[in-house]
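Reading through the structure tokens given below for one structure.
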Amino acid sequence: MGRVGIVGIGQTQFRSKREDVNSVELVNEAVRAALADAQLTIKDIDAIIIGNMEHFESINYSEMWTIDGSGGYMKPVMKITTGGTTGSTIACAGFYQVSSGMFDRVLVIGWEHLSESDTTGAIASCSDPIWERSVMAGAVGPLAIVASEYMRIHGTTEEDAARVAVQAHKNALNNPYAHLHLDITVDDVLNSAMLSYPMKLLDMCPTSDGACAMVFAEDKSAREITDNVAWVKSVATRHDTAFFGDGGLKHGDKLRSLYLATEEAYTRAGIKNPFKELDVIEMYEPSSWSALTWVDSLHICEPGEAPKLFEEGVLSMKGELPLNPSGGVISTNPIGATGAVRVAEAALQIRGMADRRQVPDVELAMATGFGGSGWSDVMILER
Amino acid sequence: MSDEYVTLSTKLAMPYRYVAGVIGSKFFTELRDNKKILARRCPECKRVIMPPREYCPKCFSVKTDEWVELSGEGSIESFTIIRYTEPKIQPVEPPYAVGVIKLDGTDGGLTHIIGDVDLDKIEVGMRVKAVFSDERRGNILDIGYFKPI
Ligand SMILES: [Zn+2]
């Protein structure tokens with residue numbers, strides 16, 4: 001199998017309401033940006049993968065709706081809908097399709113126009129309707145349960161989590177695409193409204209409108225397009241069980257699927273000491289508390305050490321292993337695009353194109369996606 | 001270019017009728033008619049699965065073949081207190097507690113409401129028991145909530 005690389009990246013502006021564009025125009029904004037970055041036209045694209053959580057817009061068949069924006073006319077188009085992982089799964093699928101040898105250049109697009117419908121209602125409909133929907137409504141409750149379990153196991157404080165949110169928002173100030181640009185303090189987070197103990201408003205991600213597109217290309221084609229390629233080094237995916245009661249999400253000590261997926265991705269990439277070898281991580285963290293639990297799942301520290309890594313600045317922009325220079329999901333969450341943004345931001349870091357949020361000399365970057373009852377995608381990129 | 005962005009506001013009311021399945025139907029009829037809470041044993045790993053399922057998610061080999069009747073008592077494994085309001089989808093008015101209840105004799109947790117309790121006094125490991133609703137309709141809220149014992 002030849003190498004596969006990312007040669008084009010396009011993001012839209014992420015905002016709470018993108019009423020200036022409809023969904024087709026929103027998708028097109030990201031597609032045009034990715035094609036422009038790769039200096040390609042839609043004629044150069046062999047296949048298209050589009051991802052979104054369509055019930056979040058109360059639509060269906062979104063790959064058909066958006067075809068005038070995606071450029072899929074008379075091309076092979078495939079839609080992917082895997083919850084929060086949608087955006088990272090389209091990246092994995094782009095890699096799979098190019099590696100198969102079937103296509104040379106594949107355009108992947110993740111998008112969400114969340115403001116068009118009721119996100120919490122839509123998330124509630126993700127739960128099993130017979131067993132869990134009526135008692136586990138929305139995303140905050142389950143994430144809050146994980147948070148309280150992490151607190152109990154490790155003695156973590158609300159200040160520890162608040163620090164994570166402050167770091168994410170501080171990083172987002174360097175990212176012109178980010179939805180929220182909040183200059184906030186630990187006290188601001190601690191004083192924000194309690195949603196579901198210990199989760200407060202500023203611990204949680206927002207809901208955003210926006211899209212992200214990337215062009216994946218096979219070795220020779222990629223090198224013809226540009227000499228600045230973010231090469232895919234490895235990918236891994238793990239899915240946990242469906243019910244929250246016995247699923248991996250419940251376990252506050254770590255996210256089981258992420259723990260196993262990163263382990264596999266490191267092995268495939270020949271990475272022995274991820275903390276030393278990785279230069280930057282773009283991790284899917286829908287809340288500050290999730291970031292704590294899930295940093296513990298990346299094999300970069302001992303269980304329970306994540307709060308210390310944040311407190312000592314190890315994961316900050318100036319630290320040894322910067323986490324989410326983009327501001328992460330805590331600052332921007334257009335669900336079907338969120339995982340794609342992680343991969344795109346990691347690729348920008350590899351290509352040295354991240355402007356004010358650039359980490360110096362990035363050789364190896366990792367992106368993760370999260371969804372469902374604790375599902376995880378991992379993609380490792382190299383220069 | 002117009003400087004006004006036109007939007008259309010509407011509402012989609014979708015009726016649903018979800019099927020509980022072979023295993024779920026037995027569980028919910030026993031719950032409704034006899035206030036019994038049943039789980040299913042995996043013949044391979046011997047785990048008692050809650051909610052009961054036809055196949056063990058871990059072994060995925062032979063069908064589960066044995067009903068196990070539970071006492072309805074268990075312990076709180078983890079919990080949170082919901083303070084935000086989503087009237088259309090929440091089972092009761094906030095603030096209220098939800099958690100994962102590890103029922104005695106099972107290997108999985110059941111997510112449910114923790115009620116009839118001082119919200120500030122809930123703890124992990126606290127013993128609880130099922131309180132059945134007076135009017136039972138054959139769904140998970142036939143268990144109204146779990147209360148401390
Ligand atoms: Zn089994």
Side-chain angles (χ1 to χ4, degrees), chain A residues 17-22 55 58-60 115-125 127-138 140-153 193-201 204 239-247 249-252, chain B residues 1 3-8 10-12 14 16-21 24-25 27-28 47 49-53 57-58 77-84 86 88-92 94-103 106-113 119 123-125 139-141 143 145:
Chain A
K17 277 199 175 78
R18 286 292 309 267
E19 287 187 348
D20 55 322
V21 285
N22 66 18
H55 67 301
S58 293
I59 57 172
N60 197 0
S115 68
E116 290 193 330
S117 193
D118 175 359
T119 307
T120 307
I123 291 180
S125 77
S127 303
D128 183 293
I130 301 282
W131 294 99
E132 293 197 322
R133 184 187 297 178
S134 48
V135 290
M136 292 301 285
V140 182
L143 291 175
I145 289 180
V146 178
S148 73
E149 207 171 331
Y150 189 80
M151 248 180 141
R152 181 179 59 83
I153 295 170
M194 180 65 78
L195 300 174
S196 192
Y197 183 82
M199 196 75 78
K200 289 168 286 298
L201 186 65
M204 264 312 273
H239 289 165
D240 215 309
T241 53
F243 292 107
F244 183 74
D246 63 5
L249 227 193
K250 183 189 69 173
H251 299 281
Chain B
M1 285 285 183
D3 52 12
E4 181 195 357
Y5 302 127
V6 176
T7 60
L8 167 72
T10 178
K11 192 174 255 178
L12 205 60
M14 302 282 276
Y16 295 102
R17 191 167 159 270
Y18 297 111
V19 174
S25 295
F27 176 93
F28 287 111
R47 289 189 330 131
I49 300 165
M50 188 70 200
R53 270 152 276 178
K58 296 201 171 136
E77 207 170 46
S78 51
F79 70 97
T80 185
I81 294 157
I82 309 279
R83 306 223 177 244
Y84 66 100
E86 284 286 346
K88 272 173 284 182
I89 52 178
Q90 288 174 334
V92 292
Y96 65 97
V98 294
V100 177
I101 315 295
K102 178 94 181 296
L103 288 162
T106 69
D107 295 282
L110 181 70
T111 50
H112 219 291
I113 302 161
L119 290 178
E123 281 175 19
V124 168
N139 63 51
I140 198 65
L141 293 174
I143 302 171
Y145 52 88

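Throughout, a chain's letter reflects where its sequence line sits, starting with A, and its residues are numbered from 1.
- For Phe27(B), the part lying under 4.5 angstrom from a heavy atom of chain A is the side chain only.
- Within the 4.5 Å cutoff, the side chain of Thr7(B) has heavy atoms near those of the Glu19(A) side chain.
- Heavy atoms closer than 4.5 Å to chain A are found in the backbone of Val19(B), but not in its side chain.
- For the residue pair Thr80(B)/Ser148(A), the side-chain donor-acceptor check at 3.5 Å is not satisfied.
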Test side-chain contact (heavy atoms from CB on, under 4.5 Å) on Ile82(B) and Leu195(A); report intermediate values, then the result.
CA-CA 6 Å; Ile82(B) 309 279; Leu195(A) 300 174; over 6 Å; no
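- A 4.5 Å side-chain heavy-atom check between Pro51(B) and Phe243(A) finds at least one atom pair inside the cut-off.
- Using a 4.5 Å cut-off on side-chain heavy atoms (C-beta onward), Ile145(A) and Val98(B) make contact.
- Atoms CZ and CG, on Arg83(B) and Leu201(A) in that order, are 15.0 Å from each other to the nearest 0.5 Å.
- Rounded to the nearest 0.5 angstrom, Ser134(A) OG and Ile113(B) CD1 are separated by 7.0 Å.
- Using a 4.5 Å cut-off between heavy atoms, Phe79(B) contacts chain A through its backbone alone, with no side-chain atom that close.
- Residue contact with chain A, scored on non-hydrogen atoms closer than 4.5 Å, involves the side chain of Leu141(B) exclusively.
- Looking at heavy atoms from C-beta onward, Val100(B) lies in side-chain contact with Phe244(A) at the 4.5 angstrom threshold.
- For the options Lys58(B), Glu4(B), Arg53(B), heavy-atom pairs under 4.5 Å to chain A are most numerous at Arg53(B).
- Distance check: Glu132(A) CD to His112(B) NE2 gives 10.5 Å after rounding to the nearest 0.5 Å.
- For Phe28(B) and Trp131(A), the distance between ring centers is under 6.0 angstrom.
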Give the C-alpha distance, both sets of side-chain angles, the deciding distance and a yes or no for side-chain contact (heavy atoms from CB on, under 4.5 Å) between Met194(A) and Tyr84(B).
CA-CA 8 Å; Met194(A) 180 65 78; Tyr84(B) 66 100; over 6 Å; no
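- The heavy-atom pair separating Thr241(A) from Pro57(B) by the smallest distance is CG2-CB, 3.8 Å.
- Distance CG/Asn22(A) to CG/Leu8(B): 12.5 Å, rounded to 0.5 Å.
- Separation of atoms OH (Tyr5(B)) and CZ (Arg18(A)) is listed at 8.5 Å; rounding is to 0.5 Å.
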